[in-house]
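Per chain, numbering begins at 1; letters A, B, ... match sequence-line order.
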Protein chains: 2
Amino acid sequence: MPSPDSAERAQLVERFRRWLRDQRLPVTHPRDVIADLVIGSDSHESVGTIAAQLKARGERIGTATIYRTLDLLVRSGLVRANEFGEGFRRFERVAGKERHEHLVCVRCGRVVEFANERLERMLPIIGDEHGFRHERHRVEIFGTCRDCLQRELGGLRS
Amino acid sequence: MPSPDSAERAQLVERFRRWLRDQRLPVTHPRDVIADLVIGSDSHESVGTIAAQLKARGERIGTATIYRTLDLLVRSGLVRANEFGEGFRRFERVAGKERHEHLVCVRCGRVVEFANERLERMLPIIGDEHGFRHERHRVEIFGTCRDCLQRELGGLRS
DNA sequence: CTCATTGCAAAGCGTTTGCACCAGT
DNA sequence: ACTGGTGCAAACGCTTTGCAATGAG
């Protein structure tokens, strides 16, 4: 999941601005900056990491505004909220990506995306079989990532 | 997911007691009662519903003890913790059940279990393909359950 | 008798809300 | 001008922790 090149990034942020105007909502500086940051990131950002990066950029934006803007980004369909059982949410751009699920490393917390068409086709059918009108689903695989496995092997020697 | 008959229930609670003794941990009244309640339930209980039922049984057991005992039940392998994005966890007996995943109704919160062998086989393989040593996974399908669909249709008439 | 558990209350942590002030449109 | 946004701090809900009193082995 490479981060989008600056052209695509700018285009997606512009799409958010358009969405705001469509909703008769003001386009403000905090919204612009947060959208740029989340949309431009290749990782799964928490409110904490977002706040830190905003501070690093010299912005003084309150936590409440971050939450409120993330809510808008999710509602616009450009961003998705994830809950990996860490006790807080992580946000990722979805616009311009194919539907995917997540692998989560239980050692280092790294999140890797994977796409599997058969899986995506199966789940709505399973819902059907149980009388559920499928709306969305989530699949998470927890395990140890390649790097942590290697590190573990290294650790055995010492 | 029927609740276990009283024989099986007693047997599972006894298994928890044995596990505690193996760990050199005291078997206490709160632990007994909480284990009986969670193991005897056919639904997915939150700490809130557990506390309410304890009070209804006339027990005066603190919240901290409920959390601590649930932790033990999970560690013993008899109980599993679930996180359905409601902001709190739900606990269910797993001993004596086949491996399963969950359907969650977004209207009424009802949780239904489903088992799918193919799904369970797929996920460790997908992990492998991405260099992950699979440890566990979770799959949740969110949608509207049969009852709520019916209620919705009824609502259209009025 | 000793060490872990219990209940209670306080603290923690991510998230939401209330509010006076400020800014897009 | 009007409507909604912003930062700050307080409130929230679930969960964890500190501690003196209690109880299991």
From C-beta outward on [X], which listed nucleotide comes closest to its side chain: [options]?
{"X": "R31(B)", "options": "dT6(C), dA9(C), dT15(D)", "result": "dT6(C)"}
{"X": "P26(A)", "options": "dG5(D), dT5(C), dT15(C)", "result": "dG5(D)"}
{"X": "T65(B)", "options": "dT15(D), dG7(C), dT25(C)", "result": "dG7(C)"}

Scanning both residues in full, the closest heavy-atom pair of F132(B) with C105(A) reads CE2-N, 3.6 Å
Heavy-atom nearest nucleotide on DNA chain D taken for T28(B) and for E86(B); more 5' hit belongs to E86(B)
Applying a 4.0 Å non-hydrogen cut-off, can you work out what Y67(A) is touching in the nucleic acid: base, sugar-phosphate, or nothing?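 Answer is base: heavy atoms of Y67(A) come under 4.0 Å of a base.
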Worksheet item: If you measure only the distance, is there a donor-acceptor pair under 3.5 Å linking the side chains of H29(B) and E59(B)?
Response: yes
Could you state the atom-to-atom distance from [atom1] of [X] to [atom2] of [N] in whole Å?
{"X": "R21(B)", "N": "dA4(C)", "atom1": "CZ", "atom2": "P", "value": "18 Å"}
{"X": "E83(B)", "N": "dG13(D)", "atom1": "CD", "atom2": "P", "value": "17 Å"}
{"X": "N82(B)", "N": "dT15(D)", "atom1": "CG", "atom2": "C1'", "value": "17 Å"}
{"X": "I34(B)", "N": "dT5(C)", "atom1": "CD1", "atom2": "C1'", "value": "12 Å"}
{"X": "L20(B)", "N": "dT5(C)", "atom1": "CG", "atom2": "C1'", "value": "12 Å"}

Using only modelled atom types and a 3.5 angstrom limit, is any donor from either the side chain of R68(A) or the base of dG7(D) paired with an acceptor on the other? yes
>> Could you check whether H44(B) and F91(B) have their ring centres less than 6.0 Å apart?
In response: no
